[in-house]
Amino acid sequence: MSANGDTLEHLSTWLRTESPTHAPAGVNRMMDLVAAEVADAPVAVERIAGRAGLGDVLVLRAGPQTSEPAVLVMSHLDTVHPLGTADHHLPVRLEGDRLYGPGCYDMKGGAYLALEAFKTVARSGGARRPLVYLMTPDEEIGSPTTRAMIEDLARNAAFALVTEPARDGGKVVTGRKGVGRFEVHVEGRPAHSGSRHADGRSAIREAARQILAIEAMTDYGRGVTTTVGMISGGTAANVIPQHCRFAVDLRVVNAADGERHGAEILGLKAHDPDVKLTVTGGMNRPPYEKSAGVAKLYERARSLAEELGFELGEVPLTGGGSDGNFTAALGVPTLDGLGIDGDGAHTLHEYGLVSSIEPRRKLMVRLLETL
Ligand SMILES: [Zn+2]
């Protein structure tokens, strides 16, 4: 199969089937399309009903049904693009080698090519290990309803392959930072800013001091970053604000830094004794460190790609988390970025490169056959 009309037609249908995380009907239509895609192949399909207002989960199984640890493939079918994006801002279209559309790069293109590979190997019976393919509905919001399932499957897996987008001209990902998320609520004391200024305790003033301290935890040398990316507070220009809330994003390279800075943020104390500070949250995704097992898996993939006639580079550390963080943190050698090449993830100029589909599909076939 080349990246022919059939591939383009099916993938375009996937892109038109909009599936933002919080639109479970759309996500479930994607799950229907995946199930239809494997209906005529020797693939067992398990569908698990969605929870917490999110979409369903699919677990596809193929290959030898032994108790050997499996090869686990993971894709998410949710996107960040709201409903209507394909009608207005990011219509599905082919321009040269670029296939534009919501989620083409992150990550329907990758899910599509890996599913084709999975089907091929299921049919040929060429796998050495059981093959498990997990399709999830909630990666873009941190996988709240699927993390436990991912970790359960990982405990019985020898390797994990993730179809997040390829980087910088086709590179795979062998390490990702850990991600922490925190919410800070500051409660002060309201007062009239003219007549009662001295009585007030400004929540925003306290928040400002806290934010500077949090941002100062950033240490590029150690790969630690902190970002206060959202803030709200106050009710009017002439009122000393009672409330202020802000969100903190923490990224770390190793688990120790996650614990240390997580504890620091959770332990923040108000400077003003009359102001109350409440911090909630914690590490959302553990770091995906490039272990010896990950390095070895990458080497195997690199030599398989070489046999197929292309060079497979690697990005040994990226700031963005994925479900690969969960499997890698459990010690399962994990290779990520096996999806489609392209650019513009999470933007309105998102596209996948059609020419990258076939070589990467073949690489996935070889991985499923030989791992
Ligand atoms: Zn993604």
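From a predicted model like this one, the values you see are computed outputs, not experimental measurements. Read the numbers this way: they start at 1 and go in the same order the structure lists the ligands and their atoms.
Looking only at N/O/S atoms, D106 comes nearest to the Zn ion (ligand 1) through OD1. Nearest N/O/S atom of E164 relative to the Zn ion (ligand 1): this is OE1. Counting just the N/O/S atoms of H76, the one with the shortest distance to the Zn ion (ligand 1) is named NE2.
Residue H197 qualifies as open at atom NE2: its count of foreign heavy atoms under 6.0 Å is 12 or below. Other residues, nucleotides and ligands contribute over 12 non-hydrogen atoms within 6.0 Å of the CD atom of E307.
A cation-pi contact links R98 to Y351, judged by a cut-off of 6.0 Å to the six-membered ring centre and 45° from its axis.
Between the side chains of T218 and T225, no donor-acceptor pair is found at a separation under 3.5 Å.
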